[in-house]
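Residue numbers start from 1 in every chain, and the chains themselves are labelled A, B, ... in the order their sequence lines are given, proteins ahead of strands. In this text, all values refer to a predicted model and were calculated from it rather than measured experimentally.
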Amino acid sequence: MRRDFRFEPLVSSPDARHMRTGVIYTPHGIIRTPAFIPVATAASVKALTVDMMHDIGTQAILANAYHLYLQPGPVLIEKAGGLGKFMNWSGPTFTDSGGFQILSLGSGFKKVISLVSEEATVAIKSTRHAFVDNDGVNFKSHRDGSLHRFTPEISMNIQHKLGADICFSFDELTSLADSYQYQEEALERTHRWAIRSVDEFRKLQSENPDRPYQALFGVLQGANYENLRRQTARFLNTLDFDGFGIGGALEKSTMSEIISWCSDELPANKPRHLLGISEPNDIFTAIEQGIDTFDCVSPTRVARNGAAYTLTGRFNIKSAKYFEDFSPLDPECSCYTCQNYTRAYINHLFKAKEILASILVSYHNEYFILKLVEDIRKSIEQGSFNELRDSWLKRYYA
RNA sequence: GCUGGGAUAGUGAAGCGGUCAAACACGACAGACUGUAAAUCUGUUGGCUUAUGCCUUCGUAAGUUCGAAUCUUACUCCCAGCA
């Protein structure tokens with residue numbers, strides 16, 4: 001089996017132990033890192049066409065095995081020629097395993113990520129644990145309530161059919177509300193699932209030697225416990241993974257440490273992906289601690305609800321005070337939206353519930369984050385990361 | 001001109017003697033959103049100005065009643081039918 005995938009670290013920054021630039025080579029092109037990977041859950045970056053994605057400098061996209069399994073089904077996408085062909089995206093693609101969705105949607109909906117409250121704790125313990133067993137997870141479709149089951153083997157089969165360049169092992173997402181004992185149990189389960197993910201995935205690949213190579217990333221859990229995070233990084237590194245994803249509910253206060261523990265233990269020659277992060281301060285933190293790629297729904301989700309990024313912070317364009325504001329969303333932005341449309345117009349589009357509102361702001365927000373990460377990458381090359389970080393964050397959060 | 005129906009907060013629309021500052025919907029205003037059940041969700045929406053408080057409101061005016069958006073009378077306007 002030809003491994004048409006590799007990561008080449010380029011500039012290691014003297015500013016921070018693990019920070020670096022690099023290039024990820026995939027069968028569908030390269031990704032210059034650090035890179036933000038827009039999320040296309042259901043094979044679409046919501047509100048954006050592929051042309052738009054190219055225009056704003058999208059290097060790769062990340063879709064989801066859970067959603068595509070439920071609709072339209074992996075068999076159809078395989079027939080279409082794979083995820084990229086299906087959605088007309090010729091560049092590199094990622095798919096998530098579905099582990100996160102199964103446990104964060106349905107019974108865990110809105111509770112798993114930010115669960116600190118007692119209510120969330122109770123909800124998690126009484127519902128989630130009933131569905132997880134050592135072999136896999138039973139779950140109900142969020143679409144029609146029908147019963148389904150995911151195991152590492154099933155997730156790998158789906159992702160193999162979807163045909164993304166980079167796939168993730170099947171993991172169990174835990175919540176910070178879970179006990180330490182549960183975190184340990186779940187982590188062991190995630191380890192066994194990682195072994196099974198590798199075995200199944202490599203078996204499928206050897207049975208289909210003519211297909212483009214698909215890389216497999218192992219997912220690190222372990223909540224906010226240093227020993228668990230380090231332990232899982234060391235363990236996963238013994239398996240046949242091409243890279244790693246750092247997952248779990250990441251609190252602002254501990255994210256930096258968690259990533260640095262993982263980076264300490266992971267090999268320098270394999271890429272490190274951070275799952276589901278994209279607020280500007282988090283981006284700086286993640287990259288500084290050695291993250292190469294990361295994905296997030298936030299820029300488009302927030303855009304559809306009227307929030308736009310600017311160099312001086314995020315604001316809500318729906319607000320009445322922009323009714324007569326004929327300046328661009330961000331006066332310093334050179335994206336298509338900011339070059340051609342005013343705040344007053346976009347404010348009107350939201351009030352009038354016009355589809356174009358979502359399109360224009362999604363375009364701007366994705367551009368804004370992609371540009372920020374691009375600027376950060378250049379700053380690492382030029383040895384000016386710290387200066388950029390300090391001045392940028394000072395303005396943004398002023 | 002006659003007969004019948006109707007006028008409720010920004011709009012539509014419940015309520016038909018006390019538990020009504022008045023349901024609900026929309027709108028408006030604000031907030032949230034981090035591996036997308038999210039073009040979603042939450043809160044506020046008469047005034048005072050934050051209180052198991054006071055004041056002003058249900059077309060206008062007068063009345064019945066301990067008590068009226070709710071009952072009576074007159075008036076004004078709107079709608080339908082008849083002339």
Q. Given A:Lys203 and A:Asp199, is the salt bridge (charged side-chain N to carboxylate O under 4.0 Å, His left out) satisfied, shown in steps?
A. CA-CA 6 Å; A:Lys203 187 191 89 183; A:Asp199 289 350; over 6 Å; no
Q. Closest to the A:Arg314 side chain: B:C33, B:G35, B:U34?
A. B:C33
Q. Taking the six-membered ring for Trp, are A:Phe94 and A:Phe217 parallel (under 30°), tilted (30 to 60°) or perpendicular (over 60°)?
A. perpendicular
Q) For B:G27, which nucleotide in any strand shown is its Watson-Crick or wobble partner with both distances under 3.5 Å? A) B:U45
Q: Please state how far atom CZ in A:Arg301 lies from atom P in B:A39, giving the value in whole angstrom units.
A: 9 Å
**Q.** Length of the CG-P vector between A:Asn347 and B:A39, whole Å
**A.** 20 Å
Q.
Given 3.5 Å as the limit, does a donor-acceptor pair link the side chain of A:Asn64 with the main chain of A:Thr41, or not?
A. no
Q) Is the closest basic N to carboxylate O distance between A:Arg272 and A:Asp264 below 4.0 Å? A) no
Q. Now, which nucleotide makes the Watson-Crick or G-U wobble pair with B:G35, with each of the two distances under 3.5 Å?
A. none
Q) Start at the 5' end of RNA chain B and walk down; is the nucleotide closest to A:Cys296 or to A:Ser141 reached first? A) A:Cys296
(Q) Without decimals, in angstroms, what is the distance between A:Ile283 CD1 and B:G35 P? (A) 13 Å
(Q) Please check this pair: side chain of A:Ser169 against backbone of A:Val219, looking for a donor-acceptor N/O pair closer than 3.5 Å. (A) yes
Q. Tell me: CG of A:Asp96 to C1' of B:G35, nearest whole Å?
A. 4 Å
Q | Complementary nucleotide for B:G17 - Watson-Crick or wobble, under 3.5 Å | A | none
Q: Taking only heavy atoms on the protein side, list every residue of residues 31-49 of chain A lying under 4.0 Å from any atom of RNA chain B, sorted numerically.
A: A:Val39, A:Thr41, A:Lys46
Q.
Does a side-chain N or O of A:Lys353 approach OP1 or OP2 of B:C26 to a distance below 4.0 Å, or not?
A. no
Q) Which whole number of Å gives the distance between the C1' atom of B:U42 and that of B:U56? A) 31 Å
Q.
Rounded to whole Å, how long is the line connecting atom CZ of A:Phe294 with atom P of B:G35?
A. 13 Å
**Q.** Smallest separation among heavy atoms of A:Ala164 and A:Cys167, with atom names
**A.** O-SG, 3.9 Å
For nucleotides 29-31 of chain B, give me every protein contact, N/O to N/O, under 3.5 Å, one pair per line with atom names.
{"from": "B:C29", "atom 1": "OP2", "to": "A:Lys351", "atom 2": "NZ", "distance (Å)": "2.2"}
{"from": "B:A30", "atom 1": "OP1", "to": "A:Ser319", "atom 2": "OG", "distance (Å)": "3.0"}
{"from": "B:A30", "atom 1": "OP2", "to": "A:Ala320", "atom 2": "N", "distance (Å)": "3.3"}

(Q) When both hydrogen-bonding distances must be under 3.5 Å and the geometry is Watson-Crick or G-U wobble, what is B:U3 paired with, if anything? (A) B:A80
Q. Is the A:Tyr341 ring parallel, tilted or perpendicular to the A:Tyr345 ring (thresholds 30°, 60°)?
A. parallel
Q: Measure from NZ or CZ of A:Arg6 to the centre of the six-membered ring of A:Tyr25 and say whether it is under 6.0 Å with the direction within 45° of the ring axis.
A: yes
**Q.** Nearest-nucleotide pick for A:Leu173, side chain only, options being B:G35, B:U34, B:A39
**A.** B:G35
Q | Check: A:Asp171 main-chain N/O paired with A:Thr190 side-chain donor or acceptor under 3.5 Å | A | no
Q. Which residue, A:Ile355 or A:Ser298, contacts RNA chain B at a nucleotide closer to its 5' end, judged by nearest heavy atom?
A. A:Ser298
Q. Paired with B:A51: which nucleotide, if any, by Watson-Crick or G-U wobble criteria at under 3.5 Å for both distances?
A. none
Q. Has the side chain of A:Gln159 got a donor or acceptor that lies under 3.5 Å from a partner of the other kind on the base of B:G35?
A. no
Q) Which nucleotide, in any strand shown, forms a Watson-Crick or G-U wobble pair with B:G59, with both distances under 3.5 Å? A) B:C75
Q: State plainly whether the residues A:Arg377 and A:Glu374 are in salt-bridge range, i.e. N to O under 4.0 Å.
A: yes
Q) How long is the line joining CZ of A:Phe350 and C1' of B:U40, in whole Å? A) 12 Å
Q: When you get a sec, tell me which of B:U34, B:C33, B:G35 is the closest nucleotide to the side chain of A:Asp171?
A: B:G35
Q: Would you kindly give the OH-to-C1' distance between A:Tyr322 and B:A28, to the nearest whole Å?
A: 17 Å
**Q.** Parallel, tilted or perpendicular, as decided by the 30° and 60° cut-offs, for the rings of A:Phe36 and A:Phe294
**A.** tilted
Q | Under 3.5 Å donor-acceptor pair, A:Arg304 side-chain atoms to B:A38 base atoms | A | no
Q) How long is the line joining CG of A:Asn64 and P of B:A38, in whole Å? A) 11 Å
Q. Using a cut-off of 4.0 Å on non-hydrogen atoms, how would the nucleic acid contact of A:Gln71 be classed: base, sugar-phosphate, or nothing?
A. nothing
Q. When rounded to the nearest Å, what value does the distance between P atoms of B:A13 and B:G67 take?
A. 33 Å
